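For reference, the structure is listed below as structure tokens.
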Amino acid sequence: MTLLFIDPEFCNHRPPGRGDETRHPECPQRIEAIEAALESISGNGMQRLETGQVASDSSLLRVHTGEHLGKIQDLSTAGGGWVDSDTYVGEASDRVARLAAGTACLLVDRVVAGAAINAMLIARPPGHHATANTAMGFCIFNTIAVAAAHALTHAGIDRVLIVDFDVHHGNGTQDIFYRSDQVGFLSMHRENFYPHTGTALETGAGAGVGYNVNVPIPAGTPIDEQMRRFDESLTALADHVRPNLVLTSAGFDAHHMDPVGNLAWHDEHFEHVAQRIATVAQQYAGGRWVSVLEGGYHPPSLAESVLGYLHIKQQSETGC
């Protein structure tokens, strides 16, 4: 049984002012499309977590600076503003981003306690580009990093593996854990693409050498080759880290319909990576696995890909 959290409050993260938020790729329609797809299918095997959790300062400060928290809070209080040309903070954004980070920690708690074998947080804004002191790439707080740092406070959890298959390199997550030998990080992403980091030579520093693995994929690489490289890299890093818990930055913008940047994936490829990650989680972590939504900017295909990732099949009422 997968524990799932999705909430209408995530739609409250909107650009400042009265502009049409649908003009920005990271829009509320992403959440709405996934919710509609989930509601259209009965008996989907999902257990809903009804109430989320807003992250405290102490939780966020495990990976972010106080200066960063203050900047985001001040922007939200002032009615919002733009951090850069891509990244906005609206009036509700501080609370919404905290809800995402806090609920990721709550899902970790439930999975570690055995209340669920695995879980998925369907939230926005995404998080994996946010560094300790910088919001960027649509991201405000680094949700997956907050969840990983929180996990390490649990007895029995001293090694975490983060798997990121978003089409963009998870530069913020890499930066936060680059010197850690408690958190392994695997990112497979499009080569020479935003944020223009994530080469194969970036393997960690200090105690973290060998715990950071990047798999940059040139545009046009055959899908079978992409899946092979993912499988091999995941197996090798999992063998090295031997995690007690697996976390996933689940970005769906590698989909062939995505307008921001794709690698020609189809729904079944997201199902493939989910199956491989589940196998690793079962082998090393007793199945304990928590996924967090990152990118995916074509709402209809995003919804279908999430269903595939969760192994939910569309059921036609007519049987056609």
Side-chain angles (χ1 to χ4, degrees), residues 1-5 45-47 49 53 59 62-63 101-123 127-128 142-166 170 173-174 176-178 180-188 204 207-208 210-215 227 230-251 270-294 306 308-311:
M1 182 69 71
T2 296
L3 184 60
L4 183 71
F5 186 78
M46 298 292 108
Q47 177 186 354
L49 178 69
Q53 172 177 283
S59 182
R62 293 191 181 108
V63 302
T103 304
C105 294
L106 181 58
L107 292 175
V108 165
D109 290 343
R110 296 294 179 89
V111 167
V112 171
I117 190 65
N118 58 70
M120 184 168 188
L121 171 64
I122 298 175
H128 70 153
N142 195 313
T143 303
I144 203 78
V146 174
H150 175 76
L152 294 173
T153 68
H154 289 70
I157 302 297
D158 58 5
R159 300 180 308 281
V160 177
L161 175 62
I162 300 175
V163 182
D164 187 331
F165 57 83
D166 191 280
T173 312
Q174 173 176 290
I176 289 167
F177 296 116
Y178 203 59
S180 175
D181 60 357
Q182 289 188 281
V183 179
F185 179 61
L186 170 65
S187 177
M188 191 170 90
Y211 286 82
N212 195 92
V213 174
N214 288 310
V215 186
M227 296 297 105
F230 178 83
D231 294 351
E232 291 179 354
S233 300
L234 176 61
T235 298
L237 185 57
D239 286 346
H240 180 58
V241 176
R242 305 186 73 82
N244 311 121
L245 176 70
V246 176
L247 303 178
T248 301
S249 276
F270 297 104
E271 186 169 352
H272 172 94
V273 299
Q275 290 171 340
R276 295 301 183 270
I277 297 168
T279 298
V280 164
Q282 188 63 46
Q283 181 178 0
Y284 292 103
R288 292 180 295 214
W289 172 30
V290 178
S291 299
V292 174
L293 179 66
E294 297 285 1
V306 168
Y309 183 77
L310 292 169
H311 305 290

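What you see below is based on every heavy atom in this structure, not just the backbone, and it leaves out hydrogens, waters and symmetry mates. A quick note: this is a predicted structure, and the numbers were derived from the prediction, not measured.
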Problem - Side-chain donor-acceptor pair present, His128, Asp164, cut-off under 3.5 Å - result: yes
request  = Could you tell me whether the side chains of Gln174 and Asn214 share a donor-acceptor contact shorter than 3.5 Å?
outcome  = yes
### Message
Is any side-chain heavy atom of Phe185 closer than 4.5 Å to one of Val213?
### Response
no
Discussion item. Between Asp166 and Ser249, is there a side-chain donor-acceptor contact under 3.5 Å, judged purely by atom types and distance?
Written reply: no
_Evaluate Val160 against Gln182 for side-chain contact (heavy atoms from CB on, under 4.5 Å), listing each step before the verdict._
CA-CA 6 Å; Val160 177; Gln182 289 188 281; over 6 Å; no
Output for pair (Ile162 CD1, Ile176 CD1), nearest 0.5 Å, gives 8.5 Å
* To do: Please state whether the rings of Phe270 and Phe165 are parallel, tilted or perpendicular, taking 30° and 60° as the class boundaries.
  => tilted
Q) Going by atom types alone, do Asp109 and His150 pair a side-chain donor with an acceptor below 3.5 Å? A) yes
* Which of parallel (below 30°), tilted (30 to 60°) and perpendicular (above 60°) describes Trp289 and Tyr309? -> perpendicular
Practice task
Answer yes or no: is there a side-chain heavy-atom contact under 4.5 Å between Met227 and His272?
Solution key: yes
*Is Leu121 close to Val290 at the side-chain level, that is, under 4.5 Å between some pair of heavy atoms?*
no
Between Ala207 and Asp181 the two heavy atoms that sit nearest each other are O-CB, 3.4 Å
Scanning both residues in full, the closest heavy-atom pair of Gly204 with Asn212 reads N-CB, 3.7 Å
Rounded to the nearest 0.5 Å, the CD1 atom of Ile277 sits from the CG atom of Leu161 at a distance of 8.5 Å
Minimal heavy-atom distance between Thr2 and Ala119, with the atoms involved, is CG2-CA, 4.1 Å
Scanning both residues in full, the closest heavy-atom pair of Leu310 with Leu4 reads CD1-CD1, 4.4 Å
For Cys105 and Ala147 the tightest heavy-atom approach is SG-CA, 4.2 Å
Side-chain donor or acceptor of Arg110 paired with backbone N/O of Ala116 under 3.5 Å: no
Residues Ala151 and Val108: closest non-hydrogen pair is CB-CG1, 3.8 Å
dist Leu3:CG -> Gln47:CD (nearest 0.5 Å) comes out at 5.0 Å
Rounded to the nearest 0.5 Å, the CD1 atom of Ile122 sits from the OG atom of Ser291 at a distance of 9.5 Å
Q | Side-chain touch Leu49/Leu107, heavy atoms, less than 4.5 angstrom | A | yes
Would you mind reporting whether Phe230 and Val215 have side-chain heavy atoms less than 4.5 Å apart?
no
Distance col, row Thr248:OG1 vs Ile144:CD1, nearest 0.5 angstrom, shows 6.5 Å
When rounded to the nearest 0.5 Å, the distance separating CG of Asn244 from CZ of Arg288 is 6.0 Å
Is there a donor-acceptor pair closer than 3.5 Å between any side-chain N or O of Thr103 and the backbone N or O of Leu106?
-> no
